[in-house]
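Just below is one structure, and these are the notes that go with it.
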Amino acid sequence: MSVITRFAPSPTGFLHIGGARTALFNWLFARHHGGQMLLRIEDTDRARSTEAAVTAIHEGLHWLGLDWQGEPISQFTGADRHAEVARQLLSEGKAYHCYCTPEELTDMRATAKAEGRSMRYDGRWRDRDPADAPKDQAPVIRLKAPQSGETVIQDLVQGEITVQNSEMDDMVLLRADGTPTYMLAVVVDDHDMSVSHIIRGDDHLTNAVRQRQIYDLMEWEVPHFAHIPLIHGADGGKLSKRHGALGVEAYRDMGILPAALRNYLLRLGWSHGDDEIIDTDQATKWFNLEGIGKSPSRFDIPKLENLNSHYIRAMDEAELCGLLAEQLVLTTGRALSDIELARLPLAIAALKERAQTLVELADKAAFLLDGRPLAMEEKAANLVTGDAPGLLAKAHACLGALADWNHDDIAAAVRGLAEAEDLKLGKLAQPLRAALTGRNASPGIFEVLYFLGRQESLDRIGDHMK
RNA sequence: CACCCCGUAGUCUAAAGGUUAGGAUGUCGGUCUUUCACACCGAAGAUGCUGGGUUCAAGUCCCGCCGGGGUGGCCA
């Protein structure tokens, strides 16, 4: 049997970080087994579904590097098919019309709650004579669920889950307006799409038990379930706006690489012994449902950033330069000159060791852009006072005399000057660094001079000589 | 309130019922260096309960308690 998984988000916002992990697991599982992952948009709630959200989900998946087989399926367009199944159950006596009004149901719950009973539908229309049906009230169709015994699902992550049928009420299949509910639609679609493995958040765990009742009454084969634990916020509570970054695009904006986010999300809830750095090829080979833990996890940005720094360093340098250039355009709000662009490949090896995100990379690369006189950070400004201007003048002279502008000659000249002045290298390097970068921290000073080129270096030193 | 699920350092996790409970990240200290970073070395830090039971042996199995989460819609 071929493996078919599906990712089925509701289009009510961006691609949620938890949804992203669910998509990743479905994708990896399908690829591991040479199967396919389908995308189904659960848009049966017309009021809350938007086209913009569908686009955001596509873009989020695309950015994360996850793809799906075939065209995305709109659940809403299958409404007729869903209704057909509801009518079939009705004609077979496995479902029935219920004429309760919303107000009646609200009252029912209120009373039940007041009396300390659970707030379930009491089944008052289950066996009632159809002749009692009010003429002016459109009915819903409810499943005639078993009232005794128990319903069991074998979950590949959670194990065997058993719920007493007395704990469940007769769920609505078709609304009064003839549209299907989620419970009906998922079951029909998963069946019709031949989904073999349903991998989703464990907020659906109890739903799965109810869904099994529909599978059973339709006499359909029940797919394999794998309910994965949810991701919580840093405080252990439900992930919400309070925790900041909820959508994947927020991580893109933070300068996180898709490869790093995939690795982080993979390790959140899934493990393969002590392995931590697992690229996507390796993950595809290793991924299985057995490695998924049952306990919820918390999202931890520092660990994501650590992984991100790893992937930044491991990335092809030309590609990284491209991303750096994009990021610089974003932060400066202007295009880069050819001269500035040419400095990037020179400096990239030194810069990538120092950045955890692309945003940080761009920040550390800022000194490579033209813009004299340089804005001086406070600690840098303090480094070019006192003896510094005189020292910088000497540096300017000996660097200006260099026949060739290369790293070794620059190093020899600067070291030579420090020796001649009887100074430790740091005493000369720090004022130079401040003059050249406007900061007190940067890559090695010889490298900085080399990246900037002779003219720009001498000009910047000149700005602080006097 | 009912039902279902979960509980190993701050965080993510490893440990066929059997070494001194391992790794990662974070934190702190050190080495290196020209600053920062990288790298390397080192340290502190955990089985929710001074719970009950099974066993020669429990993080692991059973029960209780406590804590967290999910579900309980004509939302998905």
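The model shown is predicted, which means the values in this text are computed figures rather than measured ones.
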* Expressed in angstrom and rounded to an integer, what is the separation of A/H97 atom NE2 from B/C74 atom C1'? -> 15 Å
* **Main-chain N/O of A/Q356 paired to A/E360 side chain as donor or acceptor, under 3.5 Å** => yes
* Donor-acceptor pair, A/T12 side chain versus A/S49 backbone, under 3.5 Å? -> no
* So, is A/R210 close to the B/U71 phosphate, meaning a side-chain N or O under 4.0 Å from OP1 or OP2? -> no
* **Salt-bridge contact A/D300-A/K303 (side-chain N to carboxylate O under 4.0 Å)** => no
* Asked: Touch check for A/E167, heavy atoms < 4.0 angstrom, all strands: base, sugar-phosphate only, or nothing?
  -> sugar-phosphate
* For the side chain of A/N440 and the backbone of A/K379, is there at least one donor-acceptor N/O pair under 3.5 Å apart? -> no
* What distance, rounded to whole Å, do you find between the two C1' atoms, one in B/A76 and one in B/A14? -> 36 Å
* To do: Specify the separation, in whole Å, of atom NE2 of A/H232 and atom C1' of B/G69.
  => 5 Å
* With sugar-phosphate meaning primed atoms plus P, OP1 and OP2, does A/C100 contact a base, only sugar-phosphate, or nothing at under 4.0 Å between heavy atoms? -> base
* Asked: Do A/R48 side-chain and B/C75 base share a donor-acceptor contact under 3.5 Å?
  -> yes
* Determine the Euclidean distance between corresponding P atoms of B/A58 and B/C49; express it in Å to zero decimal places. => 16 Å
* Asked: For the side chain of A/I445, counting heavy atoms from C-beta on, which of B/U34, B/C38, B/A76 is nearest?
  -> B/U34
* Rounded to the nearest angstrom, tell me the gap between atom OH in A/Y99 and atom P in B/C74. => 17 Å
* To do: Heavy atoms only: give me the nearest A/Q158-A/K294 pair and the separation to one decimal.
  => O-NZ, 3.3 Å
* B/C75, B/G23, B/C4: which one has an atom nearest the side-chain heavy atoms of A/L205? -> B/C4
* Answer with base, sugar-phosphate or nothing: what part of the nucleic acid does A/P9 contact at a heavy-atom distance below 4.0 Å? => nothing
* Counting just side-chain N and O atoms, does A/K303 come under 4.0 Å of either OP1 or OP2 of B/U11? -> no
* Asked: With distance as the sole criterion, do the side chain of A/R439 and the base of B/U35 form a donor-acceptor contact below 3.5 Å?
  -> no
* To do: Looking only at side-chain atoms of A/S295, point me to the closest of B/G7, B/A76, B/G23.
  => B/G7
* To do: Identify, between A/R120 and A/G273, the residue whose nearest nucleotide on RNA chain B lies closer to the 5' end.
  => A/G273
* Structure fact -> Assign each of A/L304 and A/H272 the nucleotide of RNA chain B bearing its closest heavy atom; nearer the 5' end lies the nucleotide of A/H272
* To do: Write down the distance between CG (A/N440) and P (B/U34), rounded to a whole number of angstrom.
  => 17 Å
* Can you find a side chain N or O atom of A/N306 that sits less than 4.0 Å from OP1 or OP2 on B/G26? -> yes
* Over how many whole Å does the gap from A/Y121 atom OH to B/C3 atom P extend? -> 23 Å
* To do: Please state the P separation for the pair B/U8 and B/C3 - nearest whole angstrom.
  => 24 Å
* Asked: Does the side chain of A/I141 come within less than 4.5 Å of A/H97's, by heavy atoms?
  -> yes
* Asked: Under 3.5 Å, is there an N or O donor on one side and an acceptor on the other linking the side chain of A/D202 and the base of B/G70?
  -> no
* Can you tell me the pairing partner of B/G73 across any strand shown, Watson-Crick or G-U wobble, with both distances under 3.5 angstrom? => none
* So what does A/N207 hit on the nucleic acid, given a heavy-atom distance under 4.0 Å: a base, only sugar-phosphate, or nothing? -> base
* Asked: Hey, is the side chain of A/R175 poking within less than 4.0 Å of OP1 or OP2 on B/C75, counting only N and O atoms?
  -> yes
* Backbone of A/R175 reached by a side-chain donor or acceptor of A/T179 within 3.5 Å -> no
* Asked: If you measure from the P atom in B/C36 to the same atom in B/G42, how many Å do you get, rounded?
  -> 23 Å
* Between B/U33 and B/G26, how far is it from one P atom to the other, in whole Å? -> 24 Å
* Which part of the nucleic acid, if any, lies within reach of A/T206 when heavy atoms closer than 4.0 Å are counted: base, sugar-phosphate only, or nothing? -> base
* Asked: Looking only at atom P, what distance separates B/G51 and B/U60, rounded to whole Å?
  -> 13 Å
* Residue-phosphate contact under 4.0 Å: A/T162 side-chain N/O, B/C4 OP1/OP2 -> no
* Asked: Closer than 4.0 Å, any side-chain N/O of A/T12 to the OP1 or OP2 of B/A76?
  -> no
* Donor-acceptor pair under 3.5 Å, A/D43 side chain vs B/A76 base -> no
* To do: Please give the nucleotide sitting opposite B/G17 as a Watson-Crick or G-U wobble pair, both distances under 3.5 Å, or none.
  => none
* Asked: When all nucleic acid strands are considered with a 4.0 Å heavy-atom cut-off, which category describes A/L307: base, sugar-phosphate, or nothing?
  -> nothing
* So, is A/R298 near the phosphate of B/C6, with a side-chain N or O under 4.0 Å from OP1 or OP2? -> no
* To do: Searching all strands shown, indicate the nucleotide that pairs with B/A9 (Watson-Crick or G-U wobble; both distances under 3.5 Å).
  => none
* Using the C1' atoms only, state how far B/C12 lies from B/U54, rounded to an integer number of Å. => 33 Å
* Asked: What is the distance, rounded to the nearest whole Å, between atom CD1 of A/I410 and atom C1' of B/U34?
  -> 15 Å
* Is there a donor-acceptor pair closer than 3.5 Å between any side-chain N or O of A/S309 and the backbone N or O of A/N306? -> yes
* To do: Pick base, sugar-phosphate or nothing for A/G293, based on heavy-atom distances below 4.0 Å to the nucleic acid.
  => nothing
* Give A/H204 one of three labels, base, sugar-phosphate or nothing, depending on what nucleic acid heavy atoms sit under 4.0 Å from its own. => base
* Asked: Just checking A/Y264: base, sugar-phosphate only, or nothing, at a heavy-atom cut-off of under 4.0 Å?
  -> nothing
* Sugar-phosphate only, base, or nothing, as touched by A/T44 at under 4.0 Å among non-hydrogen atoms -> sugar-phosphate
* side-chain N/O A/S271 vs B/A14 OP1/OP2, d < 4.0 Å -> yes
* Please name the pair of heavy atoms, one in A/R433 and one in A/S442, separated by the smallest distance, quoted to 0.1 Å. => NH1-OG, 2.9 Å
* To do: Evaluate ring-ring contact (aromatic ring centres under 6.0 Å, His included) for A/H191 paired with A/Y215, printing each intermediate quantity in order.
  => CA-CA 9 Å; A/H191 173 264; A/Y215 282 102; 7.5 Å; no
* To do: Could you measure between the two P atoms, the one in B/G29 and the one in B/A37, and give it in whole Å?
  => 12 Å
* Output the single nucleotide from B/C74, B/G73, B/C6 whose closest atom is nearest the side chain of A/Q137. => B/C74
* **Between P of B/A14 and CG of A/L268, the distance in whole Å** => 12 Å
* Asked: Which part of the nucleic acid, if any, lies within reach of A/I161 when heavy atoms closer than 4.0 Å are counted: base, sugar-phosphate only, or nothing?
  -> sugar-phosphate
* To do: Report the base-pairing partner of B/C40 (Watson-Crick or G-U wobble, both distances below 3.5 angstrom), or none.
  => B/G30
* Name the nucleic acid region contacted by A/S442, choosing base, sugar-phosphate or nothing; use a 4.0 angstrom heavy-atom cut-off, strictly under. => base
* To do: For A/D203 and B/A76, give me the distance from atom CG to atom P, rounded to whole Å.
  => 14 Å
